[in-house]
Amino acid sequence: METRPEIRELLATALAQSCEVFFLTDSSGTILYVNPAFEELTGYSRGEAVGQKPSLLKSGQMSRAFYHELWSTIRSGRHWSGRLVNRRKDGTTYVDEQRICPVRDADGNIRYYFSTRRDVTRELQLEEQLNQSQKMESLGLLAGQISHDFNNLLTVIIGSMELIMEELKEGSVGNKLAVEILRSSKESSALIKNLMVFARRHESRPVLTTLNAPLNELKPLLDGLLGKNISVAYSLSGDLAGAKIEPEHFKQAVMNLAVNARDAMEGRGGIMIKTYNAGPDGVPQNLLGERYSVLEFSDTGPGIPKEVLPRIFEPFFTTKPKGKGTGLGLSSVYGIVTQNNGHVFAANRREGGAVFTFYFPAAE
Ligand SMILES: Nc1ncnc2c1ncn2[C@@H]1O[C@H](COP(=O)(O)OP(=O)(O)O)[C@@H](O)[C@H]1O
Ligand SMILES: [Mg+2]
(Lines give C-alpha, C1' and ligand atoms only; values in the text may rest on other atoms or scores of the structure.)
(Ligands and ions follow the chains in the order given, each with its own letter.)
Protein backbone atom coordinates (compact mmCIF):
# COMPACT_ATOMS: atom_id res chain seq x y z
CA MET A 1 0.00 0.00 0.00
CA GLU A 2 1.29 3.46 -0.97
CA THR A 3 1.82 5.83 1.94
CA ARG A 4 0.47 9.29 1.24
CA PRO A 5 3.26 11.90 0.77
CA GLU A 6 2.12 14.02 3.70
CA ILE A 7 2.18 10.95 5.93
CA ARG A 8 5.70 10.13 4.72
CA GLU A 9 6.81 13.62 5.64
CA LEU A 10 5.15 13.30 9.00
CA LEU A 11 6.96 10.00 9.60
CA ALA A 12 10.30 11.66 8.87
CA THR A 13 9.48 14.42 11.35
CA ALA A 14 8.38 11.86 13.93
CA LEU A 15 11.65 9.91 13.57
CA ALA A 16 13.63 13.10 13.98
CA GLN A 17 11.72 14.14 17.09
CA SER A 18 11.36 10.72 18.66
CA CYS A 19 13.00 10.06 21.99
CA GLU A 20 13.76 6.54 20.70
CA VAL A 21 17.08 6.11 18.93
CA PHE A 22 16.74 5.22 15.23
CA PHE A 23 19.52 4.09 13.00
CA LEU A 24 19.53 3.08 9.32
CA THR A 25 22.37 1.40 7.43
CA ASP A 26 22.74 -0.01 3.95
CA SER A 27 23.18 -3.73 3.45
CA SER A 28 26.95 -3.49 4.03
CA GLY A 29 26.40 -1.73 7.37
CA THR A 30 27.35 1.79 6.30
CA ILE A 31 25.33 4.28 8.32
CA LEU A 32 22.84 6.26 6.21
CA TYR A 33 20.76 7.95 8.88
CA VAL A 34 20.74 8.52 12.62
CA ASN A 35 18.20 10.66 14.45
CA PRO A 36 18.93 13.35 17.09
CA ALA A 37 18.22 10.88 19.90
CA PHE A 38 21.18 8.89 18.61
CA GLU A 39 23.37 11.98 18.85
CA GLU A 40 22.26 12.47 22.42
CA LEU A 41 22.91 8.83 23.36
CA THR A 42 26.32 8.41 21.75
CA GLY A 43 27.79 11.90 21.63
CA TYR A 44 28.46 11.52 17.88
CA SER A 45 26.79 14.09 15.63
CA ARG A 46 24.93 12.96 12.56
CA GLY A 47 27.78 14.29 10.41
CA GLU A 48 30.29 12.15 12.30
CA ALA A 49 28.16 9.00 12.14
CA VAL A 50 26.85 8.98 8.59
CA GLY A 51 29.18 7.14 6.24
CA GLN A 52 30.79 5.22 9.13
CA LYS A 53 30.20 1.63 10.18
CA PRO A 54 28.46 0.75 13.46
CA SER A 55 31.90 -0.32 14.68
CA LEU A 56 32.29 3.40 15.45
CA LEU A 57 30.66 2.47 18.77
CA LYS A 58 32.64 -0.72 19.40
CA SER A 59 33.72 -1.06 23.01
CA GLY A 60 36.07 -3.96 22.46
CA GLN A 61 34.13 -5.87 25.13
CA MET A 62 32.13 -8.07 22.77
CA SER A 63 33.59 -11.13 21.10
CA ARG A 64 34.05 -11.63 17.38
CA ALA A 65 31.61 -14.54 17.60
CA PHE A 66 28.97 -12.18 18.99
CA TYR A 67 29.14 -9.84 15.98
CA HIS A 68 29.29 -12.83 13.66
CA GLU A 69 26.05 -14.21 15.08
CA LEU A 70 24.40 -10.78 14.80
CA TRP A 71 25.37 -10.34 11.16
CA SER A 72 24.50 -13.83 10.06
CA THR A 73 21.06 -13.45 11.66
CA ILE A 74 20.17 -10.21 9.89
CA ARG A 75 21.79 -11.21 6.58
CA SER A 76 19.54 -14.24 6.53
CA GLY A 77 16.56 -11.89 6.80
CA ARG A 78 15.66 -12.41 10.43
CA HIS A 79 15.31 -9.84 13.21
CA TRP A 80 18.06 -9.60 15.75
CA SER A 81 17.56 -8.33 19.25
CA GLY A 82 19.99 -8.31 22.11
CA ARG A 83 22.26 -6.28 24.32
CA LEU A 84 25.80 -5.21 23.77
CA VAL A 85 28.30 -2.97 25.45
CA ASN A 86 29.07 0.08 23.31
CA ARG A 87 31.31 3.07 23.71
CA ARG A 88 30.27 6.71 23.45
CA LYS A 89 32.38 9.41 21.87
CA ASP A 90 33.60 10.50 25.32
CA GLY A 91 34.91 6.98 25.98
CA THR A 92 32.28 5.90 28.53
CA THR A 93 30.58 2.58 27.90
CA TYR A 94 26.90 1.69 28.18
CA VAL A 95 24.68 -1.30 27.62
CA ASP A 96 22.85 -0.89 24.34
CA GLU A 97 19.66 -2.88 23.84
CA GLN A 98 19.06 -3.17 20.11
CA ARG A 99 16.54 -4.49 17.66
CA ILE A 100 17.67 -4.71 14.08
CA CYS A 101 15.28 -5.45 11.21
CA PRO A 102 16.25 -6.05 7.60
CA VAL A 103 14.44 -3.80 5.10
CA ARG A 104 13.74 -5.35 1.68
CA ASP A 105 13.16 -3.72 -1.69
CA ALA A 106 10.27 -4.53 -4.04
CA ASP A 107 12.15 -7.60 -5.34
CA GLY A 108 12.62 -8.98 -1.87
CA ASN A 109 16.37 -8.25 -1.61
CA ILE A 110 17.69 -6.97 1.68
CA ARG A 111 18.78 -3.40 1.01
CA TYR A 112 18.88 -1.77 4.44
CA TYR A 113 18.94 -2.51 8.13
CA PHE A 114 16.82 -0.46 10.47
CA SER A 115 17.50 -0.52 14.18
CA THR A 116 16.23 0.93 17.40
CA ARG A 117 18.47 1.07 20.43
CA ARG A 118 18.13 1.97 24.06
CA ASP A 119 20.55 2.62 26.88
CA VAL A 120 19.62 0.06 29.56
CA THR A 121 22.65 0.53 31.82
CA ARG A 122 20.65 2.04 34.67
CA GLU A 123 17.91 -0.62 34.45
CA LEU A 124 20.50 -3.37 34.68
CA GLN A 125 22.06 -1.71 37.73
CA LEU A 126 18.70 -1.57 39.48
CA GLU A 127 18.02 -5.20 38.61
CA GLU A 128 21.42 -6.10 40.02
CA GLN A 129 20.67 -4.18 43.23
CA LEU A 130 17.40 -6.03 43.62
CA ASN A 131 19.11 -9.39 43.13
CA GLN A 132 21.65 -8.32 45.67
CA SER A 133 19.09 -7.48 48.32
CA GLN A 134 17.19 -10.70 47.66
CA LYS A 135 20.41 -12.62 48.15
CA MET A 136 20.86 -10.81 51.47
CA GLU A 137 17.31 -11.69 52.52
CA SER A 138 17.71 -15.39 51.89
CA LEU A 139 21.11 -15.44 53.48
CA GLY A 140 19.61 -13.81 56.55
CA LEU A 141 16.89 -16.42 56.74
CA LEU A 142 19.33 -19.29 56.45
CA ALA A 143 21.71 -17.75 58.94
CA GLY A 144 18.93 -17.22 61.45
CA GLN A 145 18.12 -20.89 61.49
CA ILE A 146 21.58 -22.10 62.37
CA SER A 147 23.56 -19.30 63.95
CA HIS A 148 21.65 -19.15 67.21
CA ASP A 149 22.07 -22.84 68.04
CA PHE A 150 25.61 -22.82 66.84
CA ASN A 151 26.50 -19.93 69.08
CA ASN A 152 25.02 -21.73 72.09
CA LEU A 153 27.23 -24.72 71.34
CA LEU A 154 30.27 -22.48 71.11
CA THR A 155 29.44 -20.91 74.45
CA VAL A 156 29.54 -24.38 76.00
CA ILE A 157 32.88 -25.14 74.34
CA ILE A 158 34.43 -21.86 75.47
CA GLY A 159 33.13 -22.18 79.03
CA SER A 160 34.37 -25.76 79.40
CA MET A 161 37.72 -24.91 77.91
CA GLU A 162 38.21 -22.09 80.38
CA LEU A 163 37.56 -24.55 83.22
CA ILE A 164 39.93 -27.13 81.74
CA MET A 165 42.67 -24.50 81.45
CA GLU A 166 42.48 -23.85 85.18
CA GLU A 167 43.36 -27.51 85.71
CA LEU A 168 46.39 -27.41 83.40
CA LYS A 169 49.81 -26.22 84.44
CA GLU A 170 50.88 -22.99 82.75
CA GLY A 171 53.49 -23.67 80.05
CA SER A 172 52.51 -27.32 79.69
CA VAL A 173 51.69 -28.75 76.25
CA GLY A 174 48.08 -29.23 77.31
CA ASN A 175 47.82 -25.61 78.37
CA LYS A 176 49.24 -24.35 75.08
CA LEU A 177 46.76 -26.45 73.12
CA ALA A 178 43.94 -25.23 75.31
CA VAL A 179 44.90 -21.63 74.58
CA GLU A 180 44.75 -22.40 70.86
CA ILE A 181 41.36 -24.05 71.15
CA LEU A 182 40.04 -21.13 73.14
CA ARG A 183 41.33 -18.59 70.64
CA SER A 184 39.80 -20.46 67.69
CA SER A 185 36.50 -20.89 69.51
CA LYS A 186 36.36 -17.18 70.27
CA GLU A 187 37.07 -16.33 66.65
CA SER A 188 34.35 -18.75 65.58
CA SER A 189 32.01 -17.04 67.97
CA ALA A 190 32.83 -13.61 66.45
CA LEU A 191 32.17 -15.11 63.04
CA ILE A 192 28.82 -16.54 63.96
CA LYS A 193 27.84 -13.24 65.51
CA ASN A 194 28.25 -11.70 62.07
CA LEU A 195 25.62 -14.11 60.84
CA MET A 196 23.34 -13.39 63.77
CA VAL A 197 23.48 -9.68 63.09
CA PHE A 198 22.12 -10.38 59.63
CA ALA A 199 19.45 -12.73 60.64
CA ARG A 200 18.06 -11.17 63.76
CA ARG A 201 17.47 -7.67 62.60
CA HIS A 202 14.22 -7.44 64.54
CA GLU A 203 15.96 -7.94 67.82
CA SER A 204 18.07 -4.87 67.40
CA ARG A 205 17.44 -2.35 70.21
CA PRO A 206 18.66 1.03 69.04
CA VAL A 207 19.45 3.66 71.65
CA LEU A 208 20.23 7.35 71.40
CA THR A 209 23.96 7.77 71.86
CA THR A 210 26.94 9.33 70.16
CA LEU A 211 29.24 7.13 68.09
CA ASN A 212 32.06 8.12 70.46
CA ALA A 213 30.63 6.11 73.37
CA PRO A 214 30.79 2.63 71.79
CA LEU A 215 34.12 3.55 70.17
CA ASN A 216 35.60 4.33 73.58
CA GLU A 217 34.33 1.00 74.88
CA LEU A 218 35.97 -0.75 71.95
CA LYS A 219 39.46 0.69 72.55
CA PRO A 220 40.87 -2.09 74.75
CA LEU A 221 39.30 -4.79 72.59
CA LEU A 222 40.80 -3.35 69.43
CA ASP A 223 44.25 -3.14 70.98
CA GLY A 224 44.09 -6.83 71.86
CA LEU A 225 42.81 -7.77 68.44
CA LEU A 226 45.35 -5.79 66.43
CA GLY A 227 48.60 -6.51 68.23
CA LYS A 228 51.34 -4.00 69.02
CA ASN A 229 52.56 -3.43 65.46
CA ILE A 230 49.36 -1.67 64.49
CA SER A 231 48.74 1.76 65.96
CA VAL A 232 45.26 3.19 66.30
CA ALA A 233 44.85 6.97 66.27
CA TYR A 234 41.57 8.52 67.38
CA SER A 235 40.14 11.87 66.42
CA LEU A 236 36.69 11.99 67.99
CA SER A 237 34.60 15.13 67.67
CA GLY A 238 33.90 16.81 71.00
CA ASP A 239 30.43 17.99 69.99
CA LEU A 240 29.33 15.00 67.94
CA ALA A 241 25.57 14.87 67.27
CA GLY A 242 23.68 11.90 68.72
CA ALA A 243 22.46 9.02 66.58
CA LYS A 244 19.97 6.24 67.14
CA ILE A 245 21.97 3.05 66.79
CA GLU A 246 22.33 -0.41 68.27
CA PRO A 247 25.70 -0.03 70.05
CA GLU A 248 26.61 -3.74 70.15
CA HIS A 249 26.02 -4.14 66.43
CA PHE A 250 27.91 -0.94 65.74
CA LYS A 251 30.89 -2.26 67.69
CA GLN A 252 30.71 -5.51 65.76
CA ALA A 253 30.87 -3.51 62.50
CA VAL A 254 33.92 -1.55 63.62
CA MET A 255 35.61 -4.77 64.75
CA ASN A 256 35.05 -6.22 61.29
CA LEU A 257 36.70 -3.16 59.72
CA ALA A 258 39.61 -3.54 62.12
CA VAL A 259 40.13 -7.21 61.28
CA ASN A 260 40.11 -6.38 57.57
CA ALA A 261 42.57 -3.52 58.05
CA ARG A 262 44.85 -5.82 60.03
CA ASP A 263 44.72 -8.42 57.24
CA ALA A 264 45.27 -5.82 54.51
CA MET A 265 48.28 -4.33 56.32
CA GLU A 266 49.63 -7.79 57.08
CA GLY A 267 49.87 -6.99 60.77
CA ARG A 268 51.85 -3.76 60.49
CA GLY A 269 50.65 -0.19 59.99
CA GLY A 270 48.21 2.38 61.25
CA ILE A 271 44.48 2.85 61.65
CA MET A 272 42.75 6.21 61.99
CA ILE A 273 39.30 6.45 63.57
CA LYS A 274 37.57 9.78 63.13
CA THR A 275 34.11 11.07 64.02
CA TYR A 276 32.57 14.35 62.93
CA ASN A 277 29.30 16.10 62.10
CA ALA A 278 28.40 16.66 58.47
CA GLY A 279 25.77 18.88 56.87
CA PRO A 280 24.14 18.39 53.47
CA ASP A 281 27.25 19.73 51.72
CA GLY A 282 29.71 17.35 53.34
CA VAL A 283 28.00 14.07 52.37
CA PRO A 284 27.69 12.03 49.15
CA GLN A 285 25.04 13.28 46.75
CA ASN A 286 22.49 10.53 47.25
CA LEU A 287 22.18 11.29 50.96
CA LEU A 288 19.22 13.57 51.41
CA GLY A 289 19.18 14.19 55.15
CA GLU A 290 20.06 17.46 56.85
CA ARG A 291 22.69 16.41 59.36
CA TYR A 292 24.75 13.28 59.82
CA SER A 293 26.98 11.82 62.46
CA VAL A 294 29.94 10.35 60.63
CA LEU A 295 32.53 7.68 61.36
CA GLU A 296 35.59 7.47 59.16
CA PHE A 297 37.78 4.41 59.48
CA SER A 298 40.95 4.39 57.43
CA ASP A 299 44.11 2.32 57.25
CA THR A 300 47.60 2.60 55.77
CA GLY A 301 47.31 -0.67 53.85
CA PRO A 302 47.51 -1.17 50.09
CA GLY A 303 43.92 0.02 49.49
CA ILE A 304 41.13 -1.77 47.65
CA PRO A 305 41.73 -2.77 44.03
CA LYS A 306 39.36 -1.14 41.53
CA GLU A 307 37.81 -4.43 40.45
CA VAL A 308 37.15 -5.42 44.08
CA LEU A 309 35.38 -2.20 45.12
CA PRO A 310 31.98 -2.83 43.47
CA ARG A 311 31.64 -6.27 45.08
CA ILE A 312 33.12 -5.55 48.46
CA PHE A 313 29.82 -5.64 50.44
CA GLU A 314 28.54 -8.81 48.79
CA PRO A 315 27.96 -11.76 51.13
CA PHE A 316 30.68 -14.38 50.69
CA PHE A 317 32.81 -12.15 48.51
CA THR A 318 36.43 -12.54 49.53
CA THR A 319 39.82 -12.23 47.88
CA LYS A 320 41.45 -14.22 50.64
CA PRO A 321 42.55 -17.84 50.28
CA LYS A 322 40.26 -20.65 51.46
CA GLY A 323 40.22 -20.88 55.22
CA LYS A 324 41.35 -17.26 55.66
CA GLY A 325 38.31 -15.27 54.52
CA THR A 326 34.58 -15.88 54.73
CA GLY A 327 33.45 -12.78 52.89
CA LEU A 328 30.99 -12.07 55.68
CA GLY A 329 32.78 -9.19 57.39
CA LEU A 330 31.77 -6.34 55.15
CA SER A 331 28.38 -7.73 54.23
CA SER A 332 27.50 -7.70 57.89
CA VAL A 333 28.93 -4.18 58.20
CA TYR A 334 26.56 -3.25 55.40
CA GLY A 335 23.67 -4.99 57.12
CA ILE A 336 24.36 -3.29 60.44
CA VAL A 337 24.78 0.20 59.09
CA THR A 338 21.69 0.08 56.88
CA GLN A 339 19.57 -1.51 59.63
CA ASN A 340 20.47 1.51 61.71
CA ASN A 341 19.28 3.85 58.92
CA GLY A 342 22.84 4.67 58.02
CA HIS A 343 24.87 4.56 54.84
CA VAL A 344 28.28 3.04 54.30
CA PHE A 345 30.84 3.75 51.61
CA ALA A 346 34.17 2.16 50.77
CA ALA A 347 36.90 4.04 48.96
CA ASN A 348 40.62 4.53 48.75
CA ARG A 349 42.48 7.41 50.29
CA ARG A 350 44.52 9.61 48.01
CA GLU A 351 47.59 8.81 50.12
CA GLY A 352 46.86 5.07 49.74
CA GLY A 353 44.99 2.76 52.10
CA ALA A 354 41.29 2.02 52.38
CA VAL A 355 38.69 4.24 54.00
CA PHE A 356 35.22 3.21 55.16
CA THR A 357 32.70 5.90 56.03
CA PHE A 358 29.44 5.47 57.96
CA TYR A 359 26.78 8.19 57.88
CA PHE A 360 24.04 8.01 60.52
CA PRO A 361 21.23 10.57 60.56
CA ALA A 362 21.82 12.95 63.46
CA ALA A 363 19.13 12.59 66.14
CA GLU A 364 17.82 15.32 68.48
N1 LIG B 1 40.93 -2.41 54.64
C2 LIG B 1 40.94 -3.07 53.47
N3 LIG B 1 41.93 -2.88 52.56
C4 LIG B 1 41.95 -3.56 51.39
N5 LIG B 1 41.02 -4.47 51.02
C6 LIG B 1 40.01 -4.72 51.87
C7 LIG B 1 39.91 -4.04 53.13
N8 LIG B 1 38.80 -4.49 53.77
C9 LIG B 1 38.24 -5.41 52.94
N10 LIG B 1 38.96 -5.57 51.81
C11 LIG B 1 38.64 -6.48 50.71
O12 LIG B 1 37.27 -6.84 50.80
C13 LIG B 1 37.10 -8.25 50.82
C14 LIG B 1 35.86 -8.61 51.61
O15 LIG B 1 36.01 -8.35 52.99
P16 LIG B 1 35.12 -9.13 54.05
O17 LIG B 1 33.68 -9.01 53.64
O18 LIG B 1 35.45 -8.64 55.39
O19 LIG B 1 35.54 -10.63 53.84
P20 LIG B 1 36.92 -11.34 54.23
O21 LIG B 1 37.65 -10.44 55.17
O22 LIG B 1 36.49 -12.62 54.88
O23 LIG B 1 37.64 -11.57 52.92
C24 LIG B 1 38.41 -8.76 51.37
O25 LIG B 1 38.66 -10.10 50.95
C26 LIG B 1 39.42 -7.78 50.77
O27 LIG B 1 39.74 -8.12 49.45
MG1 LIG C 1 36.77 -9.59 56.82
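Numbering of residues begins at 1 and proceeds along the displayed sequence. Whatever order the structure lists them in is the order used to number ligands and atoms, beginning at 1. Every value quoted in this text rests on a predicted model; they were computed, and no experiment measured them.
- By the 4.0 Å heavy-atom criterion, Gly327 is counted among the residues contacting ligand 1.
- The shortest contact between atom 4 (C) of ligand 1 and any protein heavy atom is with Gly303 O, 3.3 Å.
- Checked by atom type, the side-chain pair Ser59/Asn86 shows no donor-acceptor distance below 3.5 Å.
- Remark: the Ser237 side chain and the Asp239 side chain contain an N/O donor-acceptor pair separated by less than 3.5 Å.
- In this structure, the ring of Phe114 has its center less than 6.0 angstrom from the ring center of Phe22.
- Annotation: atom 17 (O) of ligand 1 to nearest protein heavy atom, Leu330 N, 2.8 Å.
- Remark: Arg87 does not engage Asp96 in a salt bridge, criterion side-chain N to carboxylate O under 4.0 Å.
- For ligand 1, the atoms lying closer than 4.0 Å to a non-hydrogen atom of Ala264 are 2 (C), 3 (N), 4 (C).
- Side-chain contact, Lys53 with Thr30: a donor N or O sits under 3.5 Å from an acceptor N or O.
- Annotation for ligand 1: atoms under 4.0 Å from non-hydrogen atoms of Gly329 are 16 (P), 17 (O), 18 (O).
- Annotation: cation-pi pair Arg117/Phe23 present, NZ/CZ under 6.0 Å from the ring centroid and within 45° of its normal.
- Look at Asn256 and the Mg ion (ligand 2): no N/O/S atom of the residue is under 2.8 Å from the metal.
- Under the 4.0 angstrom criterion for non-hydrogen atoms, Asn256 is not in contact with ligand 1.
- Between the side chain of Ser63 and the backbone N or O of Phe66, at least one donor-acceptor pair lies under 3.5 Å.
- Protein heavy atom in closest approach to atom 21 (O) of ligand 1: Lys320 NZ, 2.7 Å.
- Counting only heavy atoms of the protein, atom 1 (N) of ligand 1 lies nearest to Asp299 OD2, 2.7 Å.
- Atom CG in Asn256 sits 6.5 Å away from atom CD1 in Ile336 (nearest 0.5 Å).
- Proximity to Gly325 (heavy-atom distance under 4.0 Å) selects the following atoms of ligand 1: 22 (O).
- Summary of contacts: the protein heavy atom closest to atom 7 (C) of ligand 1 is Asn260 CB, 4.1 Å.
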Do Tyr33 and Asn35 pass the side-chain hydrogen bond (donor to acceptor under 3.5 Å, both in side chains) test, and can you show the C-alpha distance, the side-chain angles, and the key distance before you say yes or no?
CA-CA 7 Å; Tyr33 172 83; Asn35 70 344; 5.2 Å; no

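- For ligand 1, the atoms lying closer than 4.0 Å to a non-hydrogen atom of Thr326 are 22 (O).
- Below 4.0 Å from some heavy atom of Ala354 lie the following atoms of ligand 1, by number and element: 1 (N), 2 (C), 3 (N).
- Aromatic ring centroids of Tyr359 and Phe345 lie under 6.0 Å apart.
- Between atom 13 (C) of ligand 1 and the options Phe316, Phe297, Phe313, Phe317, the minimum heavy-atom separation is to Phe317.
- Closest to atom 26 (C) of ligand 1 among all protein heavy atoms lies Thr319 OG1, 3.5 Å.
- For Trp80 and Tyr113, the distance between ring centers is not under 6.0 angstrom.
- When hydrogens are left out, the protein atom nearest atom 6 (C) of ligand 1 is Ile304 CG1, 4.1 Å; that is the closest non-hydrogen contact.
- With hydrogens left out, the protein atom closest to atom 23 (O) of ligand 1 is Thr318 OG1, 2.5 Å, a heavy atom.
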